[in-house]
Amino acid sequence: MSAVCALRWQGGALELLDQRLLPAQQLWLRCASAAEVADAIRDMVVRGAPAIGIAAAYGAVLAARAAYAGHGTGWRDVIVADLDLIAAARPTAVNLAWAVQRMAGCLAELAGDPEPALLAAARAIHDQDIAANHAMAAYGAALIEPGSRVLTHCNTGALATGGHGTALGVIRTAHAQGRIREVFVDETRPWLQGARLTAWELQQDGIPARLVVDGAAAWLFARLRPAWLIVGADRIAANGDTANKIGTYTAALAARAHGARVMVVAPLSTFDPATPDGSAIEVEERPAQELTCLAGQAIAPAGFAAWNPVFDVTPADLIDAIVCEHGVIERPDAARIADFLAALGP
Ligand SMILES: CSC[C@H]1O[C@H](OP(=O)(O)O)[C@H](O)[C@@H]1O
């Protein structure tokens, strides 16, 4: 398992590795309130669908501590505003709302000081995510022929989860099994999760990899023929349409055009059966300057307009396999996903 971690509960507060500064600096940011956790998620100090869900769970612990300290037995009425603040920090990754709802579901049966029980619930979410990542890694690695080249997009590693990673967890495990000849990492403009975070994680693990620009995807599949595009997800609709980092759809089109396969790797907490298809997924748009500036330098004329959606939606018919902690859904569609989820039981 990677030594890298995105977050930790330390000294009664949530500490986050500030991913805005990686790989140049490793700086931990301490969050001691729900508002600080919400700000950290919104400002992408911590990012990655599972990681922001886990951060939200610890944020709920901080919210409960403040509510109980300030309002005694009336704390349940007060905590709701803080939980809503955390849930509203980013709209696309369903894991955020899922984690807040999971923590809110614990409140009713708590008596006295809620913190110990809620901290146990948050730790359970954290531990379950790590366990899920290792299970997904085994299922996903088994799909990869030995000696394969693969392309991955954005960052889906230990920095985006509780540990090991989703898509990058598959790559880690597949490499350990001798199945990966080389990983191609695309830079993932504009926030550069690939160049700054995934490249750093792969270098830490000594996994052979090369960086490519986002626009190289089609040429990469044409010339060097990676067998798989392996990506994470922020929200998987009932029919398998998948919201993920902007550029995923483009890479999936390129993969399909050249006979490569597309693997989406995500825990069950990323599935959203209540959303029928991709057209109903809210795609986060971030400030123009995140696109027109790079490392504090303008890369477009001052005041130039930009459209900066930070996710896109890949139609299910471009996805060959969705890998979760309970197994693989081949050629996902609404019926296959419904049957898979039904077989898991409540
Ligand atoms: C396993 S991380 C899932 C997902 O989250 C990332 O988005 P962001 O960096 O904006 O939080 C990216 O879409 C990953 O694929």
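When a ligand or atom number is given, it counts from 1 through the structure's own listing order.
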Please state which protein non-hydrogen atom is closest to [atom] and give its distance, to 0.1 Å?
atom	answer
atom 12 (C) of ligand 1	Cys154 SG, 3.4 Å
atom 3 (C) of ligand 1	Ala233 O, 3.3 Å
atom 1 (C) of ligand 1	Thr166 OG1, 3.2 Å
atom 6 (C) of ligand 1	Arg47 NH2, 3.8 Å
atom 11 (O) of ligand 1	Gly48 N, 2.8 Å
atom 14 (C) of ligand 1	Asn244 OD1, 3.5 Å

From Thr92, Thr152, Asp234 - option closest to atom 13 (O) of ligand 1 by heavy atom: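 Comparing heavy atoms across Thr92, Thr152, Asp234, the nearest one to atom 13 (O) of ligand 1 lies in Asp234.
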Cluster check Val4, Trp191: I/L/V/M/F/W/Y, side chain < 4.5 angstrom: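 Per the 4.5 Å side-chain linkage, Val4 and Trp191 are co-clustered.
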Worked verdict on Asn95 versus Arg235 for side-chain hydrogen bond (donor to acceptor under 3.5 Å, both in side chains): CA-CA 8 Å; Asn95 312 59; Arg235 190 182 295 253; over 6 Å; no
Indicate, as side chain, backbone, both or neither, the part of [X] found under 4.0 angstrom from ligand 1 when only non-hydrogen atoms are considered.
X	result
Phe311	side chain
His153	neither
Lys245	both

Nitrogen or oxygen of Thr161 less than 3.5 angstrom from that of ligand 1: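 It does not: no N or O of Thr161 is found under 3.5 Å from an N or O of ligand 1.
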Under the ring-ring contact (aromatic ring centres under 6.0 Å, His included) test, residues paired with Trp219 that sit two or more places apart: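 Scan of Trp219 (ring-ring contact (aromatic ring centres under 6.0 Å, His included), adjacent residues dropped) gives none.
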Separation between CD1 of Ile171 and CD1 of Ile144, rounded to the nearest 0.5 Å: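 So the CD1 of Ile171 and the CD1 of Ile144 are separated by 7.0 Å.
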Aromatic ring pairing Tyr58/Trp9, orientation class (parallel under 30°, perpendicular over 60°, tilted between):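 Parallel: the ring planes of Tyr58 and Trp9 meet at under 30°.
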Ion pair Arg256/Asp317, N-O distance below 4.0 Å: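 So Arg256 does not pair with Asp317 through a salt bridge.
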Ligand-side contact atoms (ligand 1) for residue partner Pro50, heavy atom cut-off under 4.0 Å: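 That gives atoms 1 (C), 2 (S) of ligand 1.
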Proximal atoms of ligand 1 relative to Ala160 (non-hydrogen, under 4.0 Å):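 Counting from 1, the qualifying ligand atoms are 1 (C), 2 (S).
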